[in-house]
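In what follows, a single structure is set out as C-alpha cells and then discussed.
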2 protein chains.
Amino acid sequence: MKLSKTSEYALRVLAYMINSDMQVFKAKDLVETLNVPNKYLRRLMTDMSKYGFIKSLQGREGGYVFAKNADKIFLIEVIDAVEGIDKYQGCIMGHQSCSEENPCSLHKSYAPIRDLEMEYFRKTSIKELKDKNIHKF
Amino acid sequence: MKLSKTSEYALRVLAYMINSDMQVFKAKDLVETLNVPNKYLRRLMTDMSKYGFIKSLQGREGGYVFAKNADKIFLIEVIDAVEGIDKYQGCIMGHQSCSEENPCSLHKSYAPIRDLEMEYFRKTSIKELKDKNIHKF
DNA sequence: GCATATTACTACACAGGTATGGTATTTTAT
DNA sequence: ATAAAATACCATACCTGTGTAGTAATATGC
C-alpha cells in the first residue's frame with residue numbers, strides 16, 4: 001500500500017484537524033503547517049468538501065471545518081474519494097479476473113495479507129488519529 | 001501494495017517459466033502467452049538478465065533461461081530490481097522520518113501490517129509460484 | 001456600498017511510467 | 001551464407017499524478 005501524495009496530504013490534513021483545538025482551519029494555516037503546495041491543497045480541500053468530510057466556509061473569517069464527526073470518517077473513504085481504492089483491491093499480478101475460484105499463482109498466499117490491510121483501512125477512523133503524544137501529522 | 005505494471009509483467013514471466021516444462025523461452029512465445037507488449041517485454045527481459053534472474057541465449061535457437069534456481073529468487077528482489085522497493089517501505093502518510101521513536105499518527109497501528117506484507121515478499125520465492133492447478137500467470 | 005479575506009474554478013505545465021516504432025548489430029544453428 | 005534469435009539505441013506518444021497560475025465567486029467587517 002503506497003498511497004498517492006494526494007491521499008497522504010488528505011490524511012495529514014485530517015490528522016492535523018482532529019489533533020488541534022481550533023474549530024475553523026484556514027488554507028493558509030494548513031499550507032504552512034503541513035508543507036503542502038498551496039494551490040494543490042486548495043483543490044484537495046474543495047474535493048474533500050464535495051465528498052462530505054469537511055465543509056467550507058467562504059468569505060472573510062471563513063475556512064474549513066469537519067462536516068461530520070471524525071469517528072464517522074474512515075481512512076478507506078478518504079483514500080477512495082481522493083484517489084480511488086479499486087487498484088489496491090485488484091490482483092497483485094495484474095489479472096483482470098482473479099478470485100478464489102480462478103486464482104493467480106500468488107492469490108492463495110497473498111489474499112489474506114491484502115484482506116487484513118483492507119480491513120484496517122475500512123475500520124480505522126480519523127478520530128483514532130487523535131493522540132496528544134504525537135506532533136507529526 | 002499496488003505494483004507497477006513492469007513488476008506485474010516480471011512476476012508473470014517468471015511464474016510462467018517456473019510452471020512450464022520448457023527450458024528455453026523465446027520472447028515471441030512470452031509476448032503471445034502473457035499479453036505483454038512486444039518491445040516492452042524485450043526491454044524487461046534484458047533488464048532481468050542484467051539483474052541475474054535469467055540468462056539470455058543469443059542466436060538461432062536462443063531465448064531465455066533461469067540464471068539460477070528459482071527457489072533462490074525472491075519476490076522482493078524482482079520488485080526491487082524493476083521498480084524499486086523503497087517506496088513501499090516508507091511512511092504511509094509520507095513523512096520523511098517516521099519510526100518507533102518519532103512516529104506519525106498511523107505508525108503504531110499500521111506498521112505491523114506493513115511489516116507482515118514485506119516479510120511475505122522477502123520470504124516468498126519464484127519456485128513457490130509453481131502450482132499445477134493454476135493456469136494463469 | 002466597498003474593501004478585504006477567503007474559497008472555487010479552469011487551464012496549463014512538468015515528470016515518470018507505460019507503450020510503440022524503427023534501424024542496425026551481434027550471435028549461433030543449419 | 002542464410003535464417004532466427006536477442007541486443008542496443010533512439011525517438012516519440014500517451015496517461016496520470018503532481019504542481020502552478022490567473023481569474024471568478026462569496027461572505028464579512030467597516
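Remember, it's a predicted structure, so these values are computed and weren't measured experimentally. Letters A, B, ... mirror the listed sequences (proteins, then strands); counts begin at 1.
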Review point. Would you call Ser97(B) and Asn102(B) a side-chain contact if the rule is heavy atoms closer than 4.5 Å?
Key: yes

Study note, to complete from the structure: So the ring pair (Phe, Tyr, Trp, His ring centres under 6.0 Å) pairs with at least one residue in residues 69-92 of chain A (sequence neighbours excluded) are none

Review point. Can you list the residues that meet the ring pair (Phe, Tyr, Trp, His ring centres under 6.0 Å) rule with Phe121(B), with sequence neighbours excluded?
Key: Tyr110(A)

Practice item. Specify the closest pair of heavy atoms between Arg12(B) and Met93(A), including all atoms of both residues, with the distance to one decimal. Key: CD-O, 3.1 Å

Point to revise | Residues that Lys2(B) engages under salt bridge (Lys or Arg N to Asp or Glu O under 4.0 Å), provided they are two or more places apart | key: Glu8(B)

Study note, to complete from the structure: At a 4.0 Å cut-off to heavy atoms of chain B, the contacted part of DNA chain C spans dT18(C) to dA29(C)

Practice item. Please give the angle, rounded to 10 degrees, between the axes at the start and the end of the helix from dG1(C)-dC30(D) to dT30(C)-dA1(D), where five pairs define each axis. Key: 0°

Exercise for review: For Phe66(A), check ring pair (Phe, Tyr, Trp, His ring centres under 6.0 Å) against everything at least two apart and list the hits.
Suggested key: none

Point to revise | ring pair (Phe, Tyr, Trp, His ring centres under 6.0 Å) partners for Tyr40(A), two or more places apart | key: Tyr9(A)

Check your understanding: Looking only at side chains, do Ser109(B) and Tyr120(A) share a donor and an acceptor under 3.5 Å apart?
Key -> yes

Study note, to complete from the structure: Per the under-4.0 Å heavy-atom filter, residues of residues 77-93 of chain B near DNA chain D come out as none

Review point. For Glu61(A), which residues count as a salt bridge (Lys or Arg N to Asp or Glu O under 4.0 Å) partner, sequence neighbours excluded?
Key: none

Exercise for review: Using the salt bridge (Lys or Arg N to Asp or Glu O under 4.0 Å) rule, collect all pairs that involve residues 78-88 of chain A, keeping only residues at least two apart or in two chains.
Suggested key: Glu83(A)-Lys87(A)

Practice item. Send over the distance from Tyr40(B) OH to dC9(D) C1', rounded to a whole Å. Key: 17 Å

Exercise for review: Would you name the heavy atoms of Cys98(A) and His107(A) that are closest together and state the gap between them?
Suggested key: SG-ND1, 3.4 Å

**Study point:** All pairs passing salt bridge (Lys or Arg N to Asp or Glu O under 4.0 Å) where residues 108-131 of chain B contributes a residue, at least two apart
**Key:** Glu119(B)-Lys123(B)

Practice item. May I have the distance from Lys55(A) (atom NZ) to dT26(D) (atom P), rounded to whole angstrom? Key: 19 Å

**Study point:** Sub-4.5 Å side-chain heavy-atom contact between Leu75(A) and Leu106(B)
**Key:** yes

Between the protein and nucleotides 6-8 of chain D, which nitrogen or oxygen pairs are less than 3.5 angstrom apart?
residue, atom, partner, partner atom, Å
dA6(D), OP1, Ala27(B), N, 2.6
dA6(D), OP2, Arg42(B), NH1, 3.4
dT7(D), OP1, Ser56(B), OG, 3.0
dT7(D), OP2, Thr46(B), OG1, 3.3
dT7(D), OP2, Tyr64(B), OH, 2.6
dT7(D), O4', Gln58(B), NE2, 3.1

Study note, to complete from the structure: Walking DNA chain C from its 5' end, the first of Arg43(A) and Arg60(A) to be reached, judged by nearest nucleotide, is Arg60(A)

